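The next block holds one structure in the form of structure tokens; read it before the comments.
Predicted, not measured: the structure shown is a model, and the values here were computed from it. Labels below follow one simple rule: chain letters A, B, ... track the order of the sequence lines, proteins then strands, and each chain is numbered from 1.
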Amino acid sequence: MERLILPDIKDLHKLDVYEAHGGYSALRKALGMKPEEVTDEVKKSNLRGRGGACFPTGLKWTFMPKQTNKPKYLCVNGDESEPGTFKDRQIFEFNPHLLIEGTIIACYAMGITTAYLYIRGEYGKWIRMMQKAVDDAYAKGYIGKNILGTEFSTELVIHKGAGAYICGEESALMNSIEGERGYPRVKPPFPAQYGLWGCPTTINNVETISNVPIIINRGWEWYSKIGAPKHPGPILVGVSGHVNKPGVYEMPTGVPLLEIIYKYAGGVPGNKAIKAVIPGGSSTPILRGDQLEGVCMDADSMKAAGSAVGTAGLIVMDEDTDLIQVIARISKFYHHESCGQCTPCREGTGWLHKILDRFVAGEGTKEDIDLLMEIANNIEGNTICALGDAAAWPVQSMIRRFRDEFERRVARRTAPVVEAVSA
Amino acid sequence: MLSEENLKKIDQLRKMYPTSQALTLPVLWMVQEEHGNISTEAMKYVAGLLNVPYGHVLGVVTFYTMFHSRPIGKHHVEVCTNISCMLRGSGRIMEHLEHRLGIKRGETSRDMKWTLSEVECMGSCGTAPMLAIGEEYHENLTLEKVDKIIDSRS
Ligand SMILES: Cc1cc2nc3c(=O)[nH]c(=O)nc-3n(C[C@H](O)[C@H](O)[C@H](O)COP(=O)(O)O)c2cc1C
Ligand code: SF4
Ligand code: FES
């Protein structure tokens, strides 16, 4: 497939190169349309969010009130902290103007006059790259007052995070922009009604927004024919773990996971068998390696397989991997990142982490397996934000699909000597 | 507390946000970049500058892991030990570093030269294992590479 988000063009991050390859023509085209027509185009394209939940983007945009005397805001979510996820970084580095162009078009479609691009603090290097692109776009009149000589004006501000996974959650992200601690807010009210400073706000992922110029340029019909019909478009899949060629690969949605692993990512080192994969970042339910036949990277296929596309961060684990260490590490992460506002998440993630560490040390019992499940079930659906679910799903799926691993660990009752690594 | 240049930048930023409280993170970043950490005195300064309570600034500094309220080593070595890195040997990298630097994870060397931290996913999973020193990412690590990185700063 022709690469649309990360085309193979040298120096595309530079404004003149981007322009020479048709850059900002989508913005010009969009500004010649009515804002509703732009939203409609995105809606018909069937673009779904690439930030984790696959929510239809055009539909989200229609939630923004048309009649309001409050300012409206757009937050572009580049917090990218879900373990196994490293795709937005590629856009910052290799195609920043695509993201800027998409941001301005989104602002135009929703009548927004300020957009904040939130980038995780660890990405200092990429923030500077992005800032350079934004400065260049301002200088050329693509952002700011009277864009391209029209009546439309909008600002784009980069907001640097400071190390907190939870700030990727949309309402925590808004609090972080407001200068608060990154505590998620109780919903409803939803951001489109009561977002940044109580004003109507839309939040979209970096990759989602980067699809917008493509849709405007080529039209929704063309776009919606790429990949899986109900979840179409190009998608950036980040493959990590036990593969020969880890990296970010652009492909149409709906590619079989086995094809991603063996064709794109060069297969498993030493030709080992696959024990398990986590398909879409650490919060998505784990799948068994022997049940991957026919499972594809799109929302429907993933759901049928009992997992989710998430951020399309595919983590591959070979047959020698110690899954107990894997799940203990994942639980440690969610425990560490829980903001502590709600009891089931704060306490529950702590318990999961503690019990799983016990398993790693060879001290887990049979009853502990059920206890883990019970704790996870008590977190799921009982919290302010989805971090609780994100902590529960990996544990539930691990026990459901790999109970034998837990049981063997209980039987062995010895601490492992080797780490879950292959050479 | 802050350079003329940064004070000018703050004036610019004020136009980009409807409240001055929203400048808390950007201004704290400036303080930390200039001074290496954010002292109590600096937090009071930021509170005055932005007209927000000191307790607010303190709350923000302590919430975000990248803000340091105490001095840290000259070289802050952060090793990701999350899952993709773990699958590719971050455990060995970390142990090697503890050995080489003579400190455990979470510690700072007595000469204030090194701080070694275990961190969560840094968005470098496809080039794992990795470590960061300041804003610099070092990826696809081997023990030899780690030695070189440390030697060049010793
Ligand atoms: C704990 C948590 C962390 C999240 N982190 C991110 C993130 O880093 N980047 C992101 O785009 N979305 C993240 N999300 C999802 C956002 O809340 C939001 O749904 C998304 O940014 C919407 O964008 P989209 O509709 O374009 O996918 C996170 C959600 C949760 C619950
Ligand atoms: S679910 Fe966890 S992270 Fe989310 S608000 Fe509650 S305590 Fe905080
Ligand atoms: S898991 Fe280490 S960088 Fe992502």
Side-chain angles (χ1 to χ4, degrees), chain A residues 71 80-89 114 116 120-125 128 155 157 159-165 167 176-183 196-197 199 238-242 246-248 278 282 313 315-318 321 325-326 329-330 333 336-337 339 419-423, chain B residues 12-13 15-30 32-33 46 50 52 56-57 59-68 78 80-92 95 118-130 132 134-137 139-140:
Chain A
E80 183 150 271
S81 312
E82 168 97 345
T85 312
F86 49 105
K87 64 187 178 77
D88 296 341
R89 178 184 148 184
T114 310
Y116 296 98
R120 65 179 299 182
E122 292 84 349
Y123 280 180
K125 184 179 141 193
R128 268 183 279 111
E155 306 288 339
V157 185
H159 196 92
K160 182 179 183 178
Y165 166 68
C167 287
S176 187
I177 292 175
E178 290 184 18
E180 294 278 356
R181 284 172 283 188
Y183 286 146
L196 267 179
W197 300 288
C199 302
V239 193
S240 66
H242 298 145
V248 170
I278 295 173
S282 63
I315 306 168
V316 180
M317 288 160 270
D318 72 20
T321 307
Q325 286 190 62
V326 167
R329 185 61 186 87
I330 291 176
F333 169 73
H336 182 248
E337 299 299 330
C339 83
E419 202 192 328
V421 172
S422 79
Chain B
Q12 286 300 314
L13 279 177
K15 297 180 199 147
M16 298 299 191
Y17 297 89
T19 67
S20 65
Q21 180 187 292
L23 271 69
T24 308
L25 269 72
V27 171
L28 286 173
W29 269 120
M30 289 175 192
Q32 182 155 303
E33 269 153 27
V46 172
L50 300 180
V52 295
H56 168 79
V57 179
V60 169
V61 171
T62 49
F63 181 85
Y64 294 92
T65 55
M66 290 184 80
F67 289 142
H68 306 295
E78 300 181 288
C80 170
T81 59
N82 212 304
I83 169 158
S84 303
C85 285
M86 172 185 174
L87 292 169
R88 294 186 82 93
S90 64
R92 265 179 311 189
E95 278 163 24
E118 180 175 44
V119 293
E120 300 297 359
C121 178
M122 298 279 272
S124 197
C125 331
T127 40
M130 69 84 67
E135 282 187 2
E136 244 175 281
Y137 275 35
E139 310 179 284
N140 293 310

Run the numbers on A:Thr114 and B:Tyr17 for side chain to side chain donor-acceptor pair (under 3.5 Å), then give the verdict. CA-CA 9 Å; A:Thr114 310; B:Tyr17 297 89; over 6 Å; no
Looking at A:Ser240 and B:Ser84, what are the two nearest heavy atoms and their distance? OG-OG, 2.8 Å
First locate atom CD of B:Gln21, then atom CD1 of A:Ile177, and finally report the distance between them rounded to the nearest 0.5 Å. 13.0 Å
Is it true that A:Arg120 and B:Glu120 make a salt bridge, defined as a side-chain N closer than 4.0 Å to a carboxylate O? no
Among A:Pro246, A:Ala162, A:Gly124, which has the most heavy-atom pairs under 4.5 Å with chain B? A:Ala162
Checking heavy atoms, do the side chain of A:Val248, its backbone, both or neither come under 4.5 Å from chain B? neither
Going from CZ on A:Phe333 to OG1 on B:Thr81, what distance comes out if it is rounded to the nearest 0.5 angstrom? 11.0 Å
Going from CD on A:Glu122 to CE on B:Met122, what distance comes out if it is rounded to the nearest 0.5 angstrom? 5.5 Å
At their closest point, which heavy atom of B:Pro18 faces which heavy atom of A:Tyr116, and how far apart are they? CD-OH, 3.9 Å
Testing the basics here: between A:His159 and B:Pro26, what is the closest heavy-atom pair and its distance to 0.1 Å? CE1-CD, 3.9 Å
For A:Gly161 and B:Trp29, which heavy atoms make the closest approach, and how far apart are they? O-NE1, 3.0 Å
What option among A:Gly238, A:Gly241, A:Gly313 has the most heavy-atom pairs under 4.5 Å with chain B? A:Gly241
Nearest 0.5 Å please: distance from the CZ atom of A:Arg181 over to the OG1 atom of B:Thr24. 11.5 Å
Can you say whether B:Val119 sits under 4.5 Å from chain A via the side chain, the backbone, both, or neither, judging by heavy atoms? backbone
Please classify the contact between B:Thr62 and chain A as side chain, backbone, both or neither, with a heavy-atom cut-off of under 4.5 Å. neither
What closest approach, in Å, do A:Tyr123 and B:Gly123 show between heavy atoms, and which atom pair accounts for it? OH-CA, 3.4 Å
Between A:Arg329 and B:Ile83 (side chain of the first, backbone of the second, donor and acceptor by atom type, cut-off under 3.5 Å), is there such a pair? no
At what distance, to the nearest 0.5 angstrom, does CZ of A:Arg89 lie from SG of B:Cys125? 8.5 Å
Let's test your reading of the structure: which of A:Lys160, A:His336, A:Met317 forms the most heavy-atom pairs below 4.5 Å with chain B? A:Lys160
Take B:Thr19 and A:Glu178 through the side-chain contact (heavy atoms from CB on, under 4.5 Å) test and state the conclusion after the steps. CA-CA 8 Å; B:Thr19 67; A:Glu178 290 184 18; 5.8 Å; no
Work out which heavy atom in B:Leu25 is nearest to a heavy atom in A:Ser176; give both atom names and the distance. CD2-OG, 3.7 Å
Starting from the C-alpha separation in whole Å, work towards a yes-or-no answer on side-chain contact (heavy atoms from CB on, under 4.5 Å) for A:Val326 and B:Leu87. CA-CA 8 Å; A:Val326 167; B:Leu87 292 169; 4.2 Å; yes
What residues form a salt bridge (Lys or Arg N to Asp or Glu O under 4.0 Å) with A:Glu155, not counting sequence neighbours? A:Lys145
Less than 4.5 Å apart, side chain to side chain, heavy atoms only: is that true for B:Tyr64 and A:Cys167? yes
Any residue meeting salt bridge (Lys or Arg N to Asp or Glu O under 4.0 Å) with A:Glu180, in chain and number order, not counting sequence neighbours: none
Go through A:Ser81, A:Gly121, A:Pro71, A:Gly247 and name the one with the most non-hydrogen pairs under 4.5 angstrom from chain B. A:Gly121
So what's closer than 4.5 Å to chain A heavy atoms on B:Gln12: side chain, backbone, both or neither? neither
Can you tell which part of A:Val157 gets under 4.5 Å to a heavy atom of chain B, answering side chain, backbone, both or neither? side chain
Separation between CE of B:Met86 and CD1 of A:Ile330, rounded to the nearest 0.5 Å: 8.5 Å
Looking only at A:Ser282, A:Gly179, A:Cys339, most heavy-atom pairs under 4.5 Å shared with chain B are made by A:Gly179
Chain B contact via A:Leu196 - side chain, backbone, both or neither, heavy atoms under 4.5 Å: neither
